[in-house]
Amino acid sequence: MAINVQSKPKVHTREPVINDFAFSVATKNGSGSQTSNNVLVMSLFRMGIPVNGKNLFPSNIKGLPTWYTIRASKDGYTARKAITEIVVAYNDGTATEDVANLPPGGVCITTDKIARVIKQRDDISYYEIPVAALMKQTDVPSAFRKLVENMTYVGAVAKLFDIPLDLIYDVLLSNFKGKEKPAKMNHDVIKLAYDWTAENIEKTDPYRFERMDGTSGKIMMTGNDAGALGAVFGGVNVVAWYPITPSTSFVDGIISFRHLRQNENKENTIAIVQAEDELAAAGIITGAGWAGSRALTSTSGPGISLMAEFAGLAYFAEVPAVFWNITRMGPSTGLPTRTSQGDLLFTHFLGHGDSRQLCLLPGNLKEAFEFGWKSFDLAEALQSPVFVISDLDLGMNNWLSDPFDYPDQPIDRGKVLNAAQLQSFIDEHGKWGRYMDVDGDGVPYRTVPGTNHPFSAYFARGTGHDVMATYSERSDDWVENMHRLSLKMDTAREMLPQPIIENSSGSDIGIVTFGTNEDAVREARDWLANDGIQTDYLRVRALPIASAVGDFIHSHKSVFVIENNFDGQLNQLLHIESPEDISHVRSLALGDGLPMTPSWIYENLKEQEG
Amino acid sequence: MAINVQSKPKVHTREPVINDFAFSVATKNGSGSQTSNNVLVMSLFRMGIPVNGKNLFPSNIKGLPTWYTIRASKDGYTARKAITEIVVAYNDGTATEDVANLPPGGVCITTDKIARVIKQRDDISYYEIPVAALMKQTDVPSAFRKLVENMTYVGAVAKLFDIPLDLIYDVLLSNFKGKEKPAKMNHDVIKLAYDWTAENIEKTDPYRFERMDGTSGKIMMTGNDAGALGAVFGGVNVVAWYPITPSTSFVDGIISFRHLRQNENKENTIAIVQAEDELAAAGIITGAGWAGSRALTSTSGPGISLMAEFAGLAYFAEVPAVFWNITRMGPSTGLPTRTSQGDLLFTHFLGHGDSRQLCLLPGNLKEAFEFGWKSFDLAEALQSPVFVISDLDLGMNNWLSDPFDYPDQPIDRGKVLNAAQLQSFIDEHGKWGRYMDVDGDGVPYRTVPGTNHPFSAYFARGTGHDVMATYSERSDDWVENMHRLSLKMDTAREMLPQPIIENSSGSDIGIVTFGTNEDAVREARDWLANDGIQTDYLRVRALPIASAVGDFIHSHKSVFVIENNFDGQLNQLLHIESPEDISHVRSLALGDGLPMTPSWIYENLKEQEG
Amino acid sequence: MPPRVNQLGLSRNEYKGRPSTLCPGCGHDSISNQIISIAYEMGIEQHNFIKVSGIGCSSKTPAYFLGGSHGFNALHGRMPSVVTGALLANKDLSCIAVSGDGDSGSIGMGQFKHVIRRNVPFVYIIENNGVYGLTKGQFSATADEGQFLKYYGLNEMPPIDLALEAVISGASFVARSFSGDAKQVQALLQAALRHHGTAVLDIISPCVTFNNAETSTKSYPYGKDNEVPLHEIEILAPDYVHAKEEIEVGDYEAGDIIDVEMHDGSFIRLKKLDNDHDPRNRRMAIDVLEQSLREQIFSTGLIYYEEPRPTLADTEDLVSTPLARLDEGSLRPSKEAFEGLMRGLMAG
Amino acid sequence: MPPRVNQLGLSRNEYKGRPSTLCPGCGHDSISNQIISIAYEMGIEQHNFIKVSGIGCSSKTPAYFLGGSHGFNALHGRMPSVVTGALLANKDLSCIAVSGDGDSGSIGMGQFKHVIRRNVPFVYIIENNGVYGLTKGQFSATADEGQFLKYYGLNEMPPIDLALEAVISGASFVARSFSGDAKQVQALLQAALRHHGTAVLDIISPCVTFNNAETSTKSYPYGKDNEVPLHEIEILAPDYVHAKEEIEVGDYEAGDIIDVEMHDGSFIRLKKLDNDHDPRNRRMAIDVLEQSLREQIFSTGLIYYEEPRPTLADTEDLVSTPLARLDEGSLRPSKEAFEGLMRGLMAG
Ligand SMILES: Cc1ncc(C[n+]2csc(CCOP(=O)(O)OP(=O)(O)O)c2C)c(N)n1
Ligand SMILES: Cc1ncc(C[n+]2csc(CCOP(=O)(O)OP(=O)(O)O)c2C)c(N)n1
Ligand code: SF4
Ligand code: SF4
Ligand SMILES: [Mg+2]
Ligand SMILES: [Mg+2]
């Protein structure tokens with residue numbers, strides 16, 4: 001083996017940095033790096049180190065650049081870091097740029113082949129792995145060879161930064177669902193690289209992992225899986241969908257949890273239909289919701305556009321159904337594999353005419369699960385479509401979380417009348433009409449097909465109707481119905497998840513945000529506090545916006561609305577919903593396709609406020 | 001003939017009311033009343049009396065109630081009046097209610113058959129026409145009999161209120177395109193009823209028409225025809241559409257004016273495709289715009305919903321195309337034959353992701369024509385879809401107008417490079433890239449297929465791209481492109497039709513509105529002025545909103561936003577676009593499916609202001 | 001005299017809906033009437049039925065029949081997806097759905113084809129008049145090639161044959177009829193209601209207002225003069241089954257009668273007229289449709305029948321209780337299951 | 001050595017696009033290569049071509065060929081409408097459009113059927129792999145019934161046959177091929193490019209990543225072992241026409257050769273293999289497709305051909321100058337015409 005001895009970097013050993021740095025793993029997609037990266041993340045997780053993993057992948061199947069960033073944070077910060085100290089540069093196409101992005105004192109782990117062609121910097125540590133030579137020493141069948149090659153960096157990383165090999169083996173075993181053969185095959189490669197690194201590489205960087213107690217009792221999962229699990233615990237019955245990144249894995253999640261709801265004969269209580277397109281998917285769940293089941297679709301921007309007409313129908317005919325929008329970057333096909341919060345306005349106003357859709361905005365894994373089940377209760381209680389707006393970052397990346405809470409309330413089917421209840425209703429009110437508002441909350445009573453009562457039938461429609469659901473073109477019927485729907489919106493406003501508020505600092509500065517910016521904002525607030533700038537905090541969790549948000553805005557002199565889209569859409573909605581003066585509200589909107597970072601918030605807020 | 005002598009009403013002749021009252025003609029649709037009503041309106045028009053005609057028709061083909069209101073106004077007010085003094089009650093199903101709606105001193109013209117079954121009021125004049133008996137006297141072939149029956153009320157009205165019979169005959173002739181036979185057949189019935197009325201009815205009401213000089217040099221037309229004519233003079237090449245009320249007659253208009261653009265061999269310069277649905281229609285015009293022609297579709301709410309995905313693509317790939325949205329009442333299928341301004345927000349934000357569509361908002365017939373041609377210049381100049389948001393009221397009703405102005409500028413194809421221009425561009429800038437912004441206005445240069453130059457080709461797409469139109473997933477390319485699109489929006493803001501402003505009164509009260517409310521607002525302002533309340537006025541004519549609107553708002557202490565939708569959507573947009581305090585802006589939004597009336601504005605504004 | 005009643009003690013009137021608002025004489029109204037008659041005669045329980053439609057004159061009709069059934073007047077061209085969802089939610093429901101030629105042949109083509117592919121079990125009626133009635137008479141995709149309409153001019157495109165489309169897409173029950181042929185419509189409706197899969201009924205249903213000139217193949221005059229029924233059709237209910245042999249005498253020779261057994265044990269009995277069409281033969285079905293199209297022969301009757309594939313609910317392997325009726329126990333896994341799952345996800 | 005060049009003096013390289021980003025071995029890449037070869041050999045002028053696609057791995061490919069042609073990567077399932085518009089705007093353009101089985105068979109079914117009905121003249125290539133490649137391997141509507149995929153389980157629905165759908169919709173040129181059969185793909189592409197109407201090419205194009213097990217009829221192994229070409233195909237360009245008679249000797253007897261004359265005077269010469277398929281016979285075309293489906297025979301070649309109906313631009317009666325090239329004089333009627341019109345509308 002003709003392996004060059006590493007040239008010594010100029011930077012010499014400094015104070016050790018333990019459990020507080022980030023990696024970026026640059027590979028080509030389809031090369032099997034996903035398993036390697038997962039193994040790293042799960043190993044750190046099991047070492048008790050708070051960690052996240054974010055995948056930046058291209059919109060094709062094989063061969064284009066992918067970056068996977070892993071951040072370990074002893075303090076439990078799991079937002080994306082703008083800069084990673086370490087790069088695994090395994091993609092020749094991007095290696096030069098990847099190395100250029102390292103901070104001084106950073107670390108580049110690369111292959112001997114790539115090392116030869118990239119520009120060397122003298123302020124970072126280089127570790128070169130002789131991948132081809134190492135692979136020659138293995139007895140991996142040639143069919144798998146390409147796929148396990150990436151395990152070499154796992155081995156090097158394990159040795160360099162102290163991840164125990166046996167723990168990695170355990171993780172591999174879980175990854176392959178207990179199958180020893182593939183676990184061993186991968187582990188052999190890891191061990192080979194580990195041993196080679198031990199022998200040949202002199203560590204010149206200060207980074208190290210150490211077991212700690214930061215994750216015990218915690219779980220790791222993707223938001224799509226969490227939402228899917230929530231739906232399964234929320235009693236979903238009918239799932240109709242059409243494949244689209246990044247929402248596909250949401251339905252994959254339901255498929256994988258479907259067994260939890262099978263009966264003893266393995267018969268299903270969840271029907272899952274891959275529809276011919278998103279229009280059909282929306283139609284199927286509208287039909288299913290109308291007929292009394294709990295129905296869900298999951299999609300992303302282009303699908304939301306195509307569902308506009310059905311969303312309007314479901315809104316106006318008052319059919320419960322749950323739509324997940326796992327947002328990716330738009331307009332148009334946009335960047336299908338990049339995250340964004342850019343569908344807020346469009347989803348809220350989805351459908352022509354005066355319609356406003358109910359939206360839930362989960363900000364973390366626990367809420368993805370919680371809104372997963374609660375969305376059905378809300379949809380049925382409010383007899384309305386409910387849109388859960390998540391995003392690619394939450395949906396497809398692994399997030400660290402406290403375990404979820406089992407639903408704290410029984411399933412709420414809302415105001416559905418069975419035959420006996422219908423009779424009581426008629427006894428009490430003289431008659432039953434589908435759109436009668438006897439409770440004064442804008443929410444009428446409904447029946448579902450199959451109810452054996454002579455007066456149970458009604459005719460659902462997207463056209464004008466009176467309280468009896470009879471077709472009507474009368475202005476007064478129309479206006480009355482629209483007024484009731486407004487009233488229902490107000491009922492919803494306070495029934496939907498209320499904002500999370502941290503009002504304790506007594507500061508004049510309020511930060512308003514929603515969704516997955518939570519972690520970045522939290523960290524940025526800590527940084528600001530370090531600089532002596534206290535901030536209060538509100539995270540909107542639903543649309544229409546709760547009245548508490550207005551109170552928060554008015555009780556702060558300076559309010560920043562932080563969101564990950566280009567136009568500052570939450571800021572726009574706040575202006576729509578505030579007839580009063582809110583000129584002290586400023587928009588900090590990003591929209592670059594990447595998860596929000598604390599540094600962006602910190603810098604922009606300081607600049608604005610300073 | 002056993003015809004009852006009319007019982008004398010209690011109300012006796014008062015001061016004559018001349019050329020200043022309104023009719024409502026209540027019939028069943030599909031009964032041929034449209035011709036009768038048109039004849040009445042056109043006759044008044046030719047008498048020189050400012051007049052309008054508004055059709056309130058049902059969403060079926062035959063047999064349901066229709067009301068046609070005709071307002072004559074010597075002062076030239078042509079907004080809808082909430083109350084009509086006269087009703088032609090020819091529909092037994094609604095006659096009781098129709099009569100109940102009359103003001104004291106009103107007039108009911110009805111058939112003897114209906115008269116027998118409706119409740120009599122003693123404060124109005126009743127005139128009963130023995131329709132069946134009269135029809136027996138005609139020799140109209142039985143096939144046509146039902147259709148011309150309605151001419152009996154034309155005859156009665158002509159006699160009662162003084163419309164010359166010969167003028168009616170001329171109108172009939174034009175209506176039947178010069179064909180004497182049908183004109184005569186109809187006229188005979190009119191004459192019969194006229195003569196019978198002369199002989200048998202004693203006029204007890206004060207209403208009368210009189211020739212005047214209020215319409216000379218003016219024209220009458222529907223807004224859909226005006227817009228269609230505009231498109232034909234704007235050089236439209238490709239029309240793709242799918243039938244939907246109330247936009248169908250827009251394309252019918254283009255079909256009828258298509259000959260104006262044929263060559264000497266009757267070959268077409270306008271292709272018209274009835275697509276299989278609205279998605280395809282939007283796709284066809286997107287393809288046609290990309291390939292360098294002027295393309296248009298016309299639709300209404302449900303179609304707009306279905307076009308969302310293509311609208312986003314055209315926006316993002318920067319393809320010029322014109323979309324007319326002849327708005328009807330939504331959400332959902334809603335009231336297909338009722339007017340509304342309820343698609344403003346949805347159309348402006350059409351398409352997922354951060355997109356804002358350019359919208360033109362014609363307020364009258366002249367603008368329908370003007371925006372008809374100008375929309376193409378703007379779409380090509382700004383390389384963007386342009387939505388013209390009209391409504392059912394403007395689109396399908398007959399409006400009185402000054403004649404249109406021939407386009408005052410030559411056709412503007414925008415920044416399209418032919419082969420020679422492309423070469424010059426390359427000579428000057430070193431290269432050409434589809435999305436390079438060399439002028440700093442956000443608007444790049446484009447080529448169209450078929451351009452014979454080795455560097456003319458580019459790849460259009462809805463995915464992320466760099467300035468060369470090459471696929472890119474890079475954050476910096478994305479952000480740069482979005483910044484340029486924002487810049488283009490700002491360019492558009494001042495290039496689109498600027499608001500109409502009447503700022504002369506020096507009042508503290510400003511009224512902001514858009515579209516077809518113009519007439520009602522003008523009349524209401526006159527009423528208010530009569531009460532000593534002066535108002536200033538601004539009509540928004542395009543989105544994104546011009547900066548002049550902000551100036552207007554800030555220069556008035558109290559601003560009312562008047563619009564015909566339920567949620568006050570223009571008001572919402574004003575709030576979005578005004579980061580500063582505009583808490584002095586109040587929303588007056590209606591949304592009852594009917595054209596705005598002066599009285600509604602007058603009353604609500606007085607109440608709010610008072 | 002009290003009105004005649006059926007086995008449930010209901011009069012025919014009780015199977016009606018609201019008064020029609022269609023044009024007097026519209027073909028669609030006769031189809032509604034046949035539905036009412038058949039529902040009355042079969043004695044269906046209305047609360048177990050749903051009626052769904054798209055948008056159009058045809059799609060208005062569910063408001064006019066089966067007033068005791070839940071109905072959904074959905075979106076233009078999207079009835080099939082709504083039906084799919086509703087029948088997944090409650091597989092015990094029966095469904096009569098109505099669409100138009102515009103609704104299914106133009107905007108709804110995709111859903112039409114795909115619902116058949118999934119074999120969602122319902123009666124899919126297309127009230128086919130060759131025009132868009134509700135939007136005032138534009139050509140639909142089933143309009144005759146070479147047809148002229150006053151306003152929209154000449155149609156130069158070949159018609160889409162929705163029955164042929166259905167066969168190609170894998171429909172196991174495809175029939176064509178004429179709204180003027182009450183008897184045949186009723187027989188086919190009865191058969192379709194007993195079918196365990198998507199049963200497509202393409203019924204030529206003249207639009208008297210916009211497309212009733214005798215030059216149109218979708219007009220009354222044309223239909224009346226040109227209808228060529230392929231068979232006489234009779235439905236033998238399950239309890240009728242033993243009469244089968246007895247009937248095989250009479251006017252018909254052996255071989256002149258085709259008995260098609262249905263899923264519920266009933267039979268469709270087809271008595272040959274002067275042709276050899278056997279609806280169980282896919283190639284014959286395609287041929288008869290192709291020939292009809294080419295030679296403008298108005299063949300009606302049961303065009304194609306095959307033993308149905310599993311329905312969507314079958315392939316989804318659903319529990320026997322309709323999903324819409326499941327209780328909390330079936331809708332939410334236990335707290336124990338949940339906690340086990342959480343523990344499995346923990347770091348340690 | 002300078003590279004070989006064609007009649008325009010261009011090398012084959014100049015007909016390429018950007019480097020492919022598909023998986024190595026993807027069937028779609030070979031089709032792109034055949035397009036490049038044919039374009040080079042026919043010596044097409046790229047600026048007169050457009051290339052349009054939907055969304056999918058297949059729909060990415062127009063970026064990889066004909067770099068000198070304008071391209072439009074449109075929306076999922078909506079390529080046909082974009083092509084329709086572009087070719088109305090400029091009827092002098094030629095168009096190669098690429099779609100996938102998901103793109104055309106699922107979300108795009110309606111546009112697929114209707115563009116054919118309108119006879120928009122372009123080459124409509126479906127790169128058919130039985131799965132959704134770009135979204136990672138879900139079944140598409142052309143997947144085999146009974147097929148099993150690791151993640152999505154068993155497919156219990158019958159496949160949609162896009163070639164059959166095309167025939168039924170009135171396509172005048174329908175072919176099926178296999179991306180592994182370079183020669184046949186090239187011959188069919190050449191013929192399709194000369195066709196004056198919608199030419200549908202359903203090319204089985206294996207997805208090596210998600211659907212290449214030999215149990216799949218859309219795999220390389222299956223295709224290689226089972227392809228049954230219906231004919232040998234040769235294209236005789238218009239200038240080749242007189243050679244026609246001469247060739248009729250040789251290995252072939254009279255009757256073993258079918259010459260199909262194209263709109264531009266060229267011929268598709270089909271040399272019989274061991275079957276009697278005549279693509280000019282619609283019934284045979286349907287039969288061959290039906291039989292292939294039933295018996296899983298992978299028949300390839302020109303399935304159906306008929307003298308094309310008028311194209312959309314013909315029925316629209318357009319002026320001879322492409323609409324996109326008209327000048328102001330043709331785009332705006334004169335001021336006189338305008339004023340006449342206004343006067344006609346005046347009250348007096
Ligand atoms: C998305 C959408 N586009 C257009 C329309 C307008 N529209 C209503 S009915 C109809 C056509 C109906 O034709 P068909 O289905 O043949 O029914 P028919 O009226 O002839 O019975 C159309 C285009 C609509 N309601 N929705
Ligand atoms: C409206 C919409 N829905 C879903 C998607 C996601 N999507 C992208 S490609 C694709 C399927 C592609 O399958 P196919 O057409 O067979 O092409 P292949 O990748 O197999 O070549 C889907 C569903 C999308 N881009 N747009
Ligand atoms: S327009 Fe035609 S389809 Fe519609 S109701 Fe009238 S006759 Fe029937
Ligand atoms: S995933 Fe399949 S279809 Fe897509 S590029 Fe790879 S091999 Fe081709
Ligand atoms: Mg129809
Ligand atoms: Mg595919």
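All values below were derived from every heavy atom in this structure, side-chain atoms included, with hydrogens, water molecules and symmetry-related copies excluded. All chains are named by letter (A, B, ...) in the order of the sequence lines, taking the proteins before the strands, and each is independently numbered beginning at 1.
- Chain D forms more heavy-atom pairs under 4.5 Å with one residue of A/P302, A/P58, A/G30, A/P243 than with any other, namely A/P243.
- Using a 4.5 Å cut-off between heavy atoms, A/I244 touches chain D through its backbone atoms (N, CA, C, O) alone.
- Proximity to chain A (any heavy atom under 4.5 Å) is restricted, for D/C57, to the side chain, taken from C-beta onward.
- Contact check for A/L279 versus D/I107: no side-chain heavy atoms found under the 4.5 Å cut-off.
- Counting heavy atoms of neighbouring residues, nucleotides and ligands inside a 6.0 Å radius, atom CZ of A/F144 does not exceed 12 of them.
- For a residue to count as touching a neighbouring chain, one of its non-hydrogen atoms must lie under 4.5 Å from one of that chain's; by this rule D/I55 touches chain A with the side chain only.
- In terms of the salt bridge (Lys or Arg N to Asp or Glu O under 4.0 Å) criterion, residue partners of A/E97 (sequence neighbours excluded) are, by chain and number, B/R474.
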Dump the table of donor-acceptor contacts under 3.5 Å between chain A and chain D, or return none if there are none.
{"from": "A/S59", "atom 1": "O", "to": "D/K60", "atom 2": "NZ", "distance (Å)": "2.8"}
{"from": "A/N60", "atom 1": "ND2", "to": "D/T21", "atom 2": "O", "distance (Å)": "2.6"}
{"from": "A/Y242", "atom 1": "OH", "to": "D/H76", "atom 2": "NE2", "distance (Å)": "2.7"}
{"from": "A/Y242", "atom 1": "OH", "to": "D/Y132", "atom 2": "OH", "distance (Å)": "3.2"}
{"from": "A/D252", "atom 1": "O", "to": "D/Y151", "atom 2": "OH", "distance (Å)": "3.3"}
{"from": "A/D252", "atom 1": "OD1", "to": "D/Y152", "atom 2": "OH", "distance (Å)": "2.7"}
{"from": "A/D252", "atom 1": "OD2", "to": "D/Y152", "atom 2": "OH", "distance (Å)": "3.4"}
{"from": "A/Q274", "atom 1": "NE2", "to": "D/F139", "atom 2": "O", "distance (Å)": "2.9"}
{"from": "A/E276", "atom 1": "O", "to": "D/I107", "atom 2": "N", "distance (Å)": "3.1"}

